[in-house]
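All values below come from the heavy atoms of this structure, side chains included, with hydrogens, waters and symmetry mates left out. All figures in this text were calculated on a predicted structure; none of them were measured in a lab.
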2 protein chains.
Amino acid sequence: MGQGKNQYQIIRTALNEQIESGALKPGSKLPSERLLSEKFGTTRITLRESLSSLEADGLVYREDRRGWFVSPERVTYDPTVNANFHTMVTRQGRLPDTRMIHADLVPATGRVQKLLQLPALTPVYRLQRLRSVDGRNVLYVENYINPAYFPDLLKHDLSRSLSDVYQEHYERQYARVSFRIYPVGLNTEASSHLKVTTGSSGLLVERTNYDQSGVLIDCDFEYWRQDAVVISADTRVT
Amino acid sequence: MGQGKNQYQIIRTALNEQIESGALKPGSKLPSERLLSEKFGTTRITLRESLSSLEADGLVYREDRRGWFVSPERVTYDPTVNANFHTMVTRQGRLPDTRMIHADLVPATGRVQKLLQLPALTPVYRLQRLRSVDGRNVLYVENYINPAYFPDLLKHDLSRSLSDVYQEHYERQYARVSFRIYPVGLNTEASSHLKVTTGSSGLLVERTNYDQSGVLIDCDFEYWRQDAVVISADTRVT
DNA sequence: TGTTTAGAATGGTATATACCAGTTAAGCAG
DNA sequence: CTGCTTAACTGGTATATACCATTCTAAACA
């Protein structure tokens, strides 16, 4: 346990202590790589080893070409407790926001078609949205929705929670959810929206959602910043 | 999407195609870094960028100082379906194994004390076990068990599932589970047992378990190889 | 005062090289 | 054939350097 003897681990430990002592506050920017490597008497490459190690632990994160920052506290995400992002984040004393990137109707293919159990090329609504906590983008979501159950969905305000729109205009609500969690490298799409380097690790939460009658109504792909979330659930064992 | 223009991404794509085409089979060893970097006309550092990227996606993995290997298919792990590793893995047509590393009685401290809601320094059983699938170590687990409910626990065979021992000798079974999933860098302990480089990313599943009477009986910390598992659950929304 | 723009700074990517530490296979002694 | 030692090989870590792409800053301008 603790400080290994390798140089990059020593530096890692030093930075770690700076963070835990509060000398570096959550959200604040670290000094530049060049300055840090000079201070620690090493090269940028080794310094970046240390930072990558801290990144893997979710203690720091980076924004593409902008620099390294101290990670804020993780948001707790419970996929089994009413699928409402805004309520969940607000309850934790944080400030949520959702930004609609794109909404359209596309033919179901590949994974979407399989998850929604539709004939090939059936048109489905696709929502691409970006969600932030305290001003930091943490989650890129793609929703795929069976239009049979939600005619004219795109006419409504989709910057809020989908579940609210479902309940208010269609009298449907999430009642059962099936989800799978993959540790992955973020793809180009997710990376660019989250402003992280392509391929940096993240968490993919793939969900399929059923309404109160057991009807499969939609699925979504949630690409989380790796350091932004802890998945939590409390369930009966079956 | 797809092949970016950077060299390491081009190499990444090339290796990826080799894997998907089946030219490199799951579990097989890749050529050495030096040989690969020569074949792709680049340096080891850049080649390692490509490999790390594939590693982040769980397509390849490495064993410390032994080399790079093609990742086998992920095991699906459902924390809500009867906590039995052997049954779960066997059902997926894979071969499970559990190896006991150490078992003892230690004072509850820190996170363990908090999770088990015990007075400080209360003695608890600690089990350290290593679990493999098809001969590959994928999971390092530490169990912490309240001895009040399981007197003389260490006298039984603990290379099998705990839940079996619980049921057979103590008439208790898992009935409710609370779990949290953190993407983390693996600590020294877990890394060494899983034979991965210290700090390489993994998944920490922290569980607290309750029996049929709602009594909090144990907690555990499961350190998974990042590429070895997909967490899956199906639950009612509450 | 607000906008444009050129230059500085920063992180991203890449080459070349070297030595260390653990693994593995070959060779040797018994 | 078995057990031990040794040497080659592999990945892990580290230094030094360079150029590119984007972001940021501050000066020049409207």
In terms of relative ring orientation, are A:Tyr140 and A:His193 parallel, tilted or perpendicular, with 30° and 60° separating the classes?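 Because their plane-to-plane angle is under 30°, the rings of A:Tyr140 and A:His193 count as parallel.
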Grab the [atom1]-[atom2] distance between [X] and [N] for me, whole Å please.
X: B:Gln9; N: C:dT13; atom1: CD; atom2: C1'; result: 10 Å
X: B:Glu49; N: C:dG11; atom1: CD; atom2: C1'; result: 13 Å
X: B:Gln7; N: D:dA21; atom1: CD; atom2: C1'; result: 17 Å
X: B:Arg12; N: C:dT13; atom1: CZ; atom2: C1'; result: 16 Å
X: A:Tyr8; N: C:dC19; atom1: OH; atom2: P; result: 22 Å
X: A:Tyr61; N: C:dG11; atom1: OH; atom2: C1'; result: 15 Å
X: B:Ile45; N: C:dG12; atom1: CD1; atom2: P; result: 16 Å
X: B:Leu47; N: C:dT13; atom1: CG; atom2: C1'; result: 14 Å

Could you check whether any side-chain N or O of A:Arg129 sits under 3.5 Å from a backbone N or O of A:Leu158, counting only pairs where one atom can act as donor and the other as acceptor?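 Between the backbone of A:Leu158 and the side chain of A:Arg129 there is a qualifying donor-acceptor contact (under 3.5 Å).
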Cut-off 3.5 Å, side chains only: do B:Tyr223 and B:Glu189 have a donor facing an acceptor?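 Their side chains do not contain a donor-acceptor pair, so the 3.5 Å distance test is not met.
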May I ask you to establish whether B:Arg136 and B:Tyr61 are in a cation-pi arrangement, using a distance under 6.0 Å from NZ or CZ to the six-membered ring centre and at most 45° from the ring axis?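 Yes; both conditions hold, so B:Arg136 lies above the ring face of B:Tyr61.
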Let me confirm one number: the CD1-CG distance from A:Ile145 to A:Leu154, rounded to the nearest 0.5 Å.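 Answer rounded to 0.5 Å: 8.0 Å.
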Do you know which of B:Arg207, B:Arg131, B:Arg111 makes salt bridge (charged side-chain N to carboxylate O under 4.0 Å, His left out) with B:Asp220?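 Testing each of B:Arg207, B:Arg131, B:Arg111 against B:Asp220, the sole residue satisfying salt bridge (charged side-chain N to carboxylate O under 4.0 Å, His left out) is B:Arg207.
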Considering just the side-chain nitrogens and oxygens of B:Thr43, establish if one lies under 4.0 Å of OP1 or OP2 belonging to C:dT17.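 Negative; the distance criterion is not met.
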Reckon B:Thr42 has a side-chain N or O less than 4.0 Å from the OP1 or OP2 of C:dT15?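 Yes, B:Thr42 has a side-chain N/O under 4.0 Å of OP1/OP2 on C:dT15.
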Readout for nucleotides 6-11 of chain D: B = base within 4.0 Å of protein heavy atom, S = sugar-phosphate only, - = neither; 5' to 3' it is ----BB
